Undergrad: 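I'd like to ask some things about the structure below.
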Amino acid sequence: MPAEQRITTAGPAQVGPIAKGLCGPGLLTHAVTAKFADHTPVHRLAGQLGRSG
């Protein structure tokens with residue numbers, strides 16, 4: 001029997017808003033709002049998120 005058929009998980013296939021992504025809905029919402037509503041450049045947003053850990 002192949003390994004794909006032996007290993008099953010109990011959780012959903014997609015956990016967050018982006019498949020195989022690590023960001024949660026809050027971070028995604030913040031990034032989209034900062035980019036499109038507040039007109040924050042992506043390089044500046046990356047620096048802000050990098051400083052916050």
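Remember, it's a predicted structure, so these values are computed and weren't measured experimentally. Heavy-atom basis, side chains included; hydrogens, waters and symmetry copies ignored.
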Undergrad: Return the set of residues passing side-chain contact (heavy atoms from CB on, under 4.5 Å) with P25 (not counting sequence neighbours), or none when no residue passes.
TA: P17
Undergrad: Please tabulate, one pair per line, all N/O donor-acceptor pairs under 3.5 Å involving side-chain atoms of residues 46-53, not counting sequence neighbours.
TA:
| from | atom 1 | to | atom 2 | distance (Å) |
| --- | --- | --- | --- | --- |
| R51 | NH1 | G47 | O | 3.4 |
| S52 | OG | L49 | O | 2.9 |

Undergrad: Does T40 reach the main-chain N or O of A34 with its side chain, forming a donor-acceptor pair under 3.5 Å?
TA: yes
Undergrad: For T29, enumerate each residue passing the side-chain contact (heavy atoms from CB on, under 4.5 Å) test, keeping only those at least two apart in sequence or located in another chain.
TA: T33
